[in-house]
Structures are given as C-alpha cells and as structure tokens.
Amino acid sequence: MKQVVIVGAGPTGATLALLLVRCGIGVTLIEAAKDFDRVFRGEALMPSGLDALAQMGLSPLLERIPHRPLAAWEFIIEGQQLFRVEEPMGASRPCTLIAQPPLLEALIEEARSHPNFEFIGGVAVKDLLWEEGRVAGVKLADGREIASSLVIGADGRGSAVRQRAGLKLITQPKSIDVLWFKLPVHPRLVEENVFYSIVSGDRVFSVFHGAEAGKLHLAWVLFPNDANEGKNANWGDIFASHSPAWLAEHFRNCRDAIAAPVRLSVLVGHCPQWHQPGALLLGDAAHPMSPVRAQGINLALRDAIVAANHLVPLLTNEANHESLDAALGKIQRDREPEILLAQRLQKREAQQGEILRSSRLVRSLLLRFPPQLRALVRRSWVERQQKMRNGSVPVRLRV
C-alpha cells in the first residue's frame with residue numbers, strides 16, 4: 001500500500017509529490033491528462049511563488065525552462081497612461097512568467113529519480129475507496145484500485161476528489177469570464193516586457209509577452225451583459241480601436257495571425273472544510289482563485305510547503321490514522337487565512353476595476369488629475385499589491 005496518493009499533477013501535486021518522495025515517503029501521483037500541454041495554464045510567479053520554489057531547491061530547475069521576467073506594470077485609460085510601476089516593487093526578484101508544461105515535466109522527471117515514486121498519466125480517478133468511514137485509496141477509470149494511507153486532491157477547480165469526498169465548494173457570484181488570445185509579439189515587448197492593463201470605454205483587457213518566445217498574450221474580459229462572444233469578430237480591428245497608437249498598428253498588421261480565443265470560465269470560491277478522514281484538498285481543489293493578479297500558482301506552491309511540513313514527520317514515523325487526520329485540519333488552519341485574504345484583495349481589485357470601466361466620469365477625472373494626485377493613485381495601487389505578491393503570512397519549508 002502506498003503511503004500517499006496525490007490526484008492532479010499540476011503545480012500543487014507535482015511539488016508536493018517531490019517534497020514527500022525526497023523524504024522517503026511512498027507517493028503515487030495520478031494525472032488524468034495524457035500530457036501537460038493544455039491550452040491555458042497560469043504563468044505568473046510572484047515573489048512569493050519564486051520564494052517557494054527557492055525553498056524547495058528548485059530555482060536552478062526554473063532557469064532551465066522558458067521564462068521571462070516582467071519589467072513593469074502600466075495602466076492605460078482611453079489611450080493615455082495613468083501610471084506605471086517598475087518591477088520588482090521592493091522584492092528581490094521581479095514577477096516572472098514561466099512555461100508551466102515544461103516545469104511540471106521537470107518536476108516529475110526529478111521525482112522519478114526516487115524509487116518510492118510512481119506516476120500514472122492519462123487515467124482519471126473515478127471514485128474513492130472507503131474503509132470504516134475513512135478514505136482508503138482511489139479507484140481509477142481503468143478499474144485499478146490503489147490503497148493508501150492518505151489521498152490528496154490537487155485536481156483543480158473541478159476536483160473529482162472533492163466531489164467524491166462530499167466536500168462542499170462555496171462559490172462567489174460570477175462576475176466575469178475571459179477570452180484568452182495568443183498572437184505575434186510586438187518588438188517593443190520583446191525588449192521590455194510590460195504588463196499593460198487597458199481600459200477603453202466599457203472594455204477591459206490586458207496584454208503582455210508570455211514565457212513562450214514570440215507570443216503575445218491578450219486577456220479580453222467578458223462581463224455578464226456581453227451577449228455576443230465575438231466568435232466571428234475581427235479581433236485585430238477591435239483590439240486596435242481600444243489601444244494606443246503603437247499597439248493599435250500592431251494589432252491591425254497581425255490581424256490574420258490572431259489565434260481563435262479560448263474562453264476561460266472564471267470560478268472563485270473556497271471549501272469551508274478541506275478534509276475528510278483520509279483525504280485532503282489543496283490548491284484550486286480547495287480554493288479556486290480569481291485570475292486577478294495571478295494568485296493561483298503562487299498560493300498552490302505555498303499550500304504544498306505547509307502540507308509537507310505537517311505530513312512528513314507523521315508519514316516518516318508511520319503515525320496512526322488519528323494523528324494523520326488531525327494534521328489535515330492543522331494544514332487548513334495554517335493556510336486558510338492567507339487564502340481568504342487573497343480572495344478579498346482580488347475582489348476589491350476587481351470592484352475598483354469595474355468602477356473604472358463602468359463610469360466615464362471616473363475615467364475622465366483620473367486623466368485630469370495633476371501629477372501629484374496620480375502619484376497617490378499609483379502608491380495606493382502598489383500598497384494593495386504587496387500582500388498578494390509577497391504573501392500575507394510567513395511560509396517556511398521545515399522538512
């Protein structure tokens with residue numbers, strides 16, 4: 001019997017699996033997808049996420065995969081710059097965009113160097129195994145059953161482990177979806193990768209150079225009253241009509257090279273309880289995050305560290321089920337305050353963006369502000385970012 005089964009080989013599952021097997025704990029990591037090349041995966045590592053990887057000794061691994069630091073954040077309203085903030089905003093390293101598929105592949109490859117690690121890819125978990133009211137393993141879609149002392153659901157916002165364990169997800173009211181585009185990058189963003197947030201009329205979108213060489217990413221926000229998803233729209237001209245001149249020209253010139261968008265349905269929420277006897281939820285399975293200021297991957301990595309801190313001493317000493325189950329509640333208690341604060345900060349940021357989008361008067365007043373008042377707006381924004389960028393509680397790897 002394996003000591004731990006982890007369902008979901010995203011950042012949470014892959015890093016936690018590696019931390020556990022390094023300590024001699026037997027782990028089976030299960031991933032439903034056949035490969036990691038999904039259409040969309042979060043790319044932004046904030047200073048908190050970079051610090052988490054450094055604590056795990058994975059900074060050299062990060063240097064070997066495609067990555068690209070951000071140079072600055074710039075806000076443009078009605079074609080005019082409101083303010084700009086340079087990275088790293090007081091941190092030791094700037095926000096860095098990483099290609100997640102090669103990161104996950106590298107993590108699993110390193111875990112495979114340990115004989116106590118097993119990876120099962122391309123097979124979904126169909127159900128949980130139960131024994132005397134306690135989760136005792138998983139049943140796979142191909143009929144295999146894997147018994148374990150602990151099942152960890154790191155299988156994302158649609159978590160099968162959460163559903164099968166009967167754990168409830170409380171979701172926030174739906175406010176936005178996102179159309180995600182990829183297109184050729186502008187040379188200006190190759191030289192200096194600025195994250196542009198653009199508000200024009202009632203439209204809001206963001207543009208930046210992703211980790212993949214030569215690819216510009218564009219996130220176009222859809223609101224509940226947007227009846228037309230624009231499937232047959234001329235996106236190049238639409239983007240151009242809302243952009244400053246230099247970027248508008250680029251959108252027009254590459255209109256035929258804009259890939260069809262992927263619609264990302266935004267789900268935000270949290271589980272009041274992350275655990276059942278024998279089972280624990282982490283990452284998006286326990287607390288799906290808004291895309292605002294890219295919190296998901298960073299909080300997931302910190303989840304993995306805290307879980308390892310609690311679980312390794314128990315699993316290496318073959319603690320009984322009662323001690324193991326008690327630790328699951330401690331993991332939630334350690335992580336929940338930071339998660340809920342991050343969600344509140346994300347919501348506040350989104351609300352302020354909605355005021356800006358929906359009020360022509362507010363946009364006009366901001367653009368008329370003298371430099372001193374714009375500096376105050378800039379300072380306020382920077383202060384709001386710090387707890388999302390750096391984390392709001394100390395997280396240190398102890399195992």
Side-chain angles (χ1 to χ4, degrees), residues 37-44 68 70-82 84 97 99 174-267 290-294 349-350 353-364 366-367:
D37 193 21
R38 295 182 189 172
V39 175
F40 175 83
R41 282 186 180 274
E43 291 193 344
R68 188 175 303 275
L70 277 179
W73 304 76
E74 187 167 324
F75 292 81
I76 296 174
I77 299 178
E78 307 299 1
Q80 298 181 51
Q81 183 194 88
L82 178 63
R84 173 181 167 125
L97 305 168
K174 193 173 183 64
S175 59
I176 63 169
D177 279 348
V178 175
L179 290 181
W180 195 265
F181 296 83
K182 288 187 179 182
L183 57 151
V185 72
H186 190 288
R188 180 165 165 175
L189 288 171
V190 175
E191 297 171 6
E192 184 185 47
N193 191 17
V194 177
F195 188 105
Y196 290 98
S197 293
I198 299 173
V199 180
S200 173
D202 64 349
R203 305 317 311 175
V204 177
F205 62 105
S206 300
V207 180
F208 62 96
H209 189 339
E212 184 182 357
K215 289 295 183 183
L216 188 71
H217 290 215
L218 189 150
W220 182 265
V221 179
L222 293 174
F223 296 92
N225 58 352
D226 290 336
N228 181 13
E229 297 179 18
K231 292 181 179 178
N232 299 312
N234 187 334
W235 285 110
D237 288 340
I238 292 172
F239 299 153
S241 68
H242 294 287
S243 301
W246 67 271
L247 192 53
E249 181 182 11
H250 177 69
F251 287 141
R252 292 190 184 99
N253 290 339
C254 68
R255 60 167 65 93
D256 294 334
I258 298 174
V262 175
R263 181 165 183 154
L264 305 176
S265 183
V266 175
L267 175 70
S290 160
V292 173
R293 300 293 167 253
E349 188 95 350
E354 174 58 17
I355 292 171
L356 190 60
R357 178 190 79 93
S358 60
S359 175
R360 181 181 299 177
L361 176 60
V362 172
R363 297 195 299 272
S364 177
L366 282 172
L367 293 175

Straight-line distance of [X] [atom1] to [Y] [atom2], nearest 0.5 Å:
{"X": "His209", "Y": "Arg188", "atom1": "NE2", "atom2": "CZ", "result": "14.5 Å"}
{"X": "Asn253", "Y": "Leu183", "atom1": "CG", "atom2": "CG", "result": "12.0 Å"}
{"X": "Leu82", "Y": "Ile77", "atom1": "CG", "atom2": "CD1", "result": "4.5 Å"}
{"X": "Ile258", "Y": "Asn234", "atom1": "CD1", "atom2": "CG", "result": "7.5 Å"}
{"X": "Ser290", "Y": "Glu349", "atom1": "OG", "atom2": "CD", "result": "9.5 Å"}
{"X": "Asp237", "Y": "Arg255", "atom1": "CG", "atom2": "CZ", "result": "4.5 Å"}

Donor-acceptor contact present, side-chain [X] to main-chain [Y], <3.5 Å:
{"X": "Glu78", "Y": "Gly201", "result": "yes"}
{"X": "Ser358", "Y": "Glu354", "result": "yes"}
{"X": "Ser364", "Y": "Arg360", "result": "no"}
{"X": "Asp177", "Y": "Leu222", "result": "no"}
{"X": "His250", "Y": "Pro184", "result": "yes"}
{"X": "Ser200", "Y": "Arg203", "result": "no"}
{"X": "Arg68", "Y": "Gly210", "result": "yes"}
{"X": "Arg363", "Y": "Arg357", "result": "yes"}
{"X": "Ser359", "Y": "Leu356", "result": "no"}

Looking at every heavy atom in both [X] and [Y], which two are closest together, and how far apart are they?
{"X": "Leu216", "Y": "Val185", "answer": "CB-CA, 3.8 Å"}
{"X": "Ala211", "Y": "Ala99", "answer": "CB-N, 3.5 Å"}
{"X": "Phe181", "Y": "Ala259", "answer": "CD2-O, 3.7 Å"}
{"X": "Ile198", "Y": "Pro244", "answer": "CD1-CD, 4.4 Å"}
{"X": "Gly236", "Y": "Phe251", "answer": "O-CB, 3.5 Å"}

Mind checking whether [X] and [Y] have side chains closer than 4.5 Å, heavy atoms only?
{"X": "Ile76", "Y": "Val199", "answer": "no"}
{"X": "Lys182", "Y": "His217", "answer": "yes"}
{"X": "Leu218", "Y": "Phe239", "answer": "yes"}
{"X": "Val204", "Y": "Ile176", "answer": "no"}
{"X": "Leu97", "Y": "Phe208", "answer": "yes"}
{"X": "Val178", "Y": "Val266", "answer": "yes"}

- Tell me, please, whether Trp73 has Arg84 positioned over its six-membered ring: NZ or CZ under 6.0 Å from the ring centre and within 45 degrees of its axis? no
- Message: Can you confirm whether more than 12 heavy atoms, excluding those of Gln81, are under 6.0 Å from its CD atom?
- Response: yes
- Message: Aromatic contact between Trp235 and Trp220, with the criterion being ring centroids under 6.0 Å apart: yes or no?
- Response: yes
- Aromatic ring proximity, centroids under 6.0 angstrom, Tyr196 and Trp246: yes
